[in-house]
Participant: 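For reference, the structure I am asking about is given below.
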Amino acid sequence: MASADRQDDRSTGAPAPMARVLRADDPHALDQAAELLARGDVVALPTETVYGLAGVSTRSDAIARIYAVKRRPSHNPLISHVADMAMAERYAHMDEMSFRLAQAFWPGPLTLVLPLRRDAAGGAITPASTAGGDTAALRAPRGFAQGLIARLDLPLAMPSANRSGRISPTSARHVLDDLGADLSLIVDAGPAEIGVESTVARVRRDGIDILRAGVITPEQIAEAA
Ligand code: AMP
Ligand code: MG
């Protein structure tokens with residue numbers, strides 16, 4: 001059901017329909033998530049860190065919907081998720097050191113801030129997703145999300161699937177309780193494997209900045225660099 005219909009339901013006093021929850025190993029989960037995302041809708045997905053609210057990074061309609069559902073301030077940019085390094089290089093410029101770090105930690109919970117490719121074939125990551133900046137934060141997740149991204153062959157912007165300011169969800173139940181009335185699909189892969197956000201890093205000429213602490217430590221990064 002389209003999101004506008006759900007809002008109408010609420011304005012007429014009828015209870016808003018809740019999201020469907022499909023298990024990640026349900027053969028329909030991948031198909032239905034791919035179909036919704038391909039037409040610009042958003043879907044809640046499991047990743048190894050926390051549950052994410054996904055939309056195609058190159059579509060400004062999908063990105064606007066993520067910000068609206070989360071009630072997230074538009075100046076806070078989103079992390080885009082890619083299937084692998086080849087896909088990252090389609091959307092951003094990877095220096096040698098970032099490439100080495102991606103090789104060491106992807107798929108996994110390291111996000112790298114990289115200069116955006118504005119000329120990406122098939123469309124760049126939309127400025128709405130980077131808060132208008134000229135960099136993109138990229139990482140490759142593990143599991144269901146990785147398979148889905150590979151199948152779509154498109155990057156997915158995916159902040160945590162909670163209302164802005166609330167705790168990041170580590171189960172499908174948390175997502176359902178917080179955002180269920182605003183979504184049509186939540187994919188459930190059980191409790192999140194890690195339960196903590198990715199580390200966000202940026203390689204500079206004179207070192208590596210950790211922009212957000214996360215599950216991968218500065219020591220692990222220094223060792224791999
Ligand atoms: P979350 O709010 O959990 O989705 O976390 C996203 C994190 O990545 C926030 O700390 C953002 O500030 C950071 N981030 C996303 N995109 C960029 C970017 N282009 N440059 C720097 N930090 C970014
Ligand atoms: Mg969050």
Side-chain angles (χ1 to χ4, degrees), residues 1-7 10 16-22 29 32-83 87 91-92 109 111 113 116 120 123-133 135-141 144-146 148-149 152-172 174-188 192 197-198 200 212:
M1 184 182 287
S3 52
D5 297 339
R6 286 195 293 276
Q7 276 155 19
R10 212 171 299 158
M18 294 298 275
R20 268 170 311 148
V21 179
L22 289 181
Q32 294 194 13
E35 193 187 311
L36 288 163
L37 289 164
R39 62 170 196 244
D41 206 342
V42 297
V43 176
L45 300 178
T47 80
E48 76 277 37
T49 57
V50 298
Y51 276 72
L53 181 60
V56 171
S57 305
T58 58
R59 290 187 66 132
S60 54
D61 55 351
I63 299 304
R65 180 94 187 111
I66 290 176
Y67 279 93
V69 169
K70 280 188 62 82
R71 298 182 201 135
R72 180 179 172 108
S74 60
H75 58 76
N76 190 0
L78 304 178
I79 296 172
S80 280
H81 295 69
V82 293
M87 191 165 174
Y91 293 97
T111 296
V113 173
L116 195 58
I125 291 176
T126 178
S129 180
T130 64
T135 58
L138 299 184
R139 88 170 185 97
F144 183 88
Q146 187 182 31
L148 177 60
I149 294 162
L152 282 165
D153 197 27
L154 287 169
L156 293 180
M158 195 164 31
S160 52
N162 53 279
R163 233 45 102 184
S164 196
R166 296 211 187 138
I167 291 174
S168 296
T170 55
S171 73
H174 294 164
V175 181
L176 190 67
D177 290 347
D178 198 8
L179 303 181
D182 290 331
L183 303 179
S184 45
L185 178 64
I186 299 169
V187 179
D188 182 0
E197 277 87 354
S198 64
V200 180
R212 178 179 72 183

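Any value given below was found using the heavy atoms of this structure, including those in side chains, with hydrogens, waters and symmetry copies removed.
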Participant: Quick check: closest heavy atoms across Pro169 and Ser160, and the distance to 0.1 Å?
Facilitator: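 Shortest heavy-atom separation between Pro169 and Ser160 comes out as CD-CB, 4.1 Å.
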Participant: So which pairs with a foot in residues 50-59 pass salt bridge (Lys or Arg N to Asp or Glu O under 4.0 Å), sequence neighbours left out?
Facilitator: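 Qualifying pairs, neighbours excluded: Arg59-Asp61.
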Participant: Is there a side-chain contact between Ile63 and Leu78 in this structure, where contact means two heavy atoms from C-beta onward sitting under 4.5 Å apart?
Facilitator: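 Result yes, sub-4.5 Å side-chain heavy-atom pair found.
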Participant: Compare every heavy atom of Ala33 with every heavy atom of Val187, then report the nearest pair and how far apart it is.
Facilitator: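 Residues Val187 and Ala33, closest heavy atoms: CG2-CB, 4.5 Å.
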Participant: From Leu156 CG over to His81 NE2, what is the distance, rounded to the nearest 0.5 angstrom?
Facilitator: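 Taking CG in Leu156 and NE2 in His81, the distance rounds to 8.5 Å.
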Participant: Do the non-hydrogen side-chain atoms of Arg163 and Val69 ever get within less than 4.5 Å of each other?
Facilitator: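 A side-chain contact under 4.5 Å exists here.
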Participant: With a 4.5 Å cut-off on side-chain heavy atoms, are Leu36 and Ser184 touching?
Facilitator: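 A side-chain contact exists here, since the closest heavy-atom pair is under 4.5 Å.
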Participant: Between Ser129 and Ser57 (side chain of the first, backbone of the second, donor and acceptor by atom type, cut-off under 3.5 Å), is there such a pair?
Facilitator: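 No: the side chain of Ser129 does not pair with the backbone of Ser57.
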Participant: I need the full list of salt bridge (Lys or Arg N to Asp or Glu O under 4.0 Å) pairs touching residues 42-58, with sequence neighbours left out, sorted by first then second residue.
Facilitator: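 Of all non-adjacent pairs touching residues 42-58, those that pass salt bridge (Lys or Arg N to Asp or Glu O under 4.0 Å) are Glu48-Arg139.
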Participant: With heavy-atom distances below 4.5 Å as the criterion, would you say the side chains of Val43 and Met158 are in contact?
Facilitator: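 Not touching, per the 4.5 Å side-chain cut-off.
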Participant: Output the distance between atom CE (Met87) and atom CG (Leu152), rounded to the nearest 0.5 Å.
Facilitator: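 Separation between the atoms: 8.0 Å.
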Participant: Is there a side-chain contact between Val21 and Val175 in this structure, where contact means two heavy atoms from C-beta onward sitting under 4.5 Å apart?
Facilitator: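 SC-SC contact between Val21 and Val175 ruled out.
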Participant: Is any side-chain heavy atom of Leu154 closer than 4.5 Å to one of Tyr91?
Facilitator: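 The answer is yes; the side chains approach within 4.5 Å.
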Participant: Going through the checks in order, is the side chain to side chain contact (heavy atoms under 4.5 Å, CB included) test met by Glu197 and Thr49?
Facilitator: CA-CA 5 Å; Glu197 277 87 354; Thr49 57; 5.6 Å; no
Participant: Quick check against the 3.5 Å criterion: does Lys70 have a side-chain atom that pairs as donor or acceptor with the backbone of Pro159?
Facilitator: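 Side chain of Lys70 to backbone of Pro159, a donor-acceptor pair under 3.5 Å: no, none is there.
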Participant: How far does CG of Asn162 sit from CG of Leu179, to the nearest 0.5 angstrom?
Facilitator: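 Spacing of CG (Asn162) from CG (Leu179) equals 7.0 Å.
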Participant: Rounded to the nearest 0.5 Å, what's the gap from CG on Leu176 to OH on Tyr51? Could you check?
Facilitator: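 Separation between the atoms: 11.5 Å.
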Participant: Could you pull out all residues at least two apart from Arg212 that satisfy salt bridge (charged side-chain N to carboxylate O under 4.0 Å, His left out)?
Facilitator: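 Per chain and number, Arg212 pairs via salt bridge (charged side-chain N to carboxylate O under 4.0 Å, His left out) with no residue.
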Participant: Roughly how far, to the nearest 0.5 Å, is CG of Asp188 from OG of Ser171?
Facilitator: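 Nearest 0.5 Å value for the OG-CG distance: 7.5 Å.
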Participant: For Ala157 versus Ile66, what's the shortest heavy-atom pair and its separation?
Facilitator: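 Reported closest heavy-atom pair: O-CD1, 3.7 Å.
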Participant: If I compare all heavy atoms of Leu138 with all of Ala92, which pair ends up nearest, and what's the gap?
Facilitator: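 Taking every non-hydrogen atom into account, CD1-CB, 3.7 Å.
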Participant: For the residue pair Leu183 and Ala44, what are the closest heavy atoms and their distance?
Facilitator: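 Here Leu183 and Ala44 meet closest at CD1-CB, 3.9 Å.
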Participant: Quick one: does Leu116's side chain get under 4.5 Å of Ile125's, heavy atoms only?
Facilitator: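 Side chain of Leu116 against side chain of Ile125, heavy atoms only: contact under 4.5 Å found.
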Participant: For Pro77, does its backbone N or O pair with a side-chain atom of Arg72 as donor and acceptor, under 3.5 Å?
Facilitator: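 Checked: pair present.
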Participant: Measure the shortest side-chain to side-chain distance between Asp178 and His174 over non-hydrogen atoms and say whether it is less than 4.5 angstrom.
Facilitator: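 Sidechains of His174 and Asp178: no contact.
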Participant: Which pair of heavy atoms, one from Ile186 and one from Ala172, lies closest together, and at what distance?
Facilitator: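 Closest pair (atom of Ile186, atom of Ala172, distance): CG2-CB, 4.0 Å.
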Participant: Check for a donor-acceptor pair, side chain of Tyr67 on one end and backbone N or O of Asn76 on the other, with a separation under 3.5 Å.
Facilitator: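 Pair found, side chain donor or acceptor close to backbone of Asn76.
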Participant: Can you tell me how far the CG atom of Leu45 sits from the CG atom of Leu37, to the nearest 0.5 Å?
Facilitator: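 Reported value, rounded in 0.5 Å steps: 6.5 Å.
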Participant: Please determine, by modelled atom types, if Ser198 and Thr111 share a side-chain donor-acceptor pair under 3.5 angstrom.
Facilitator: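 There is such a pair between these side chains.
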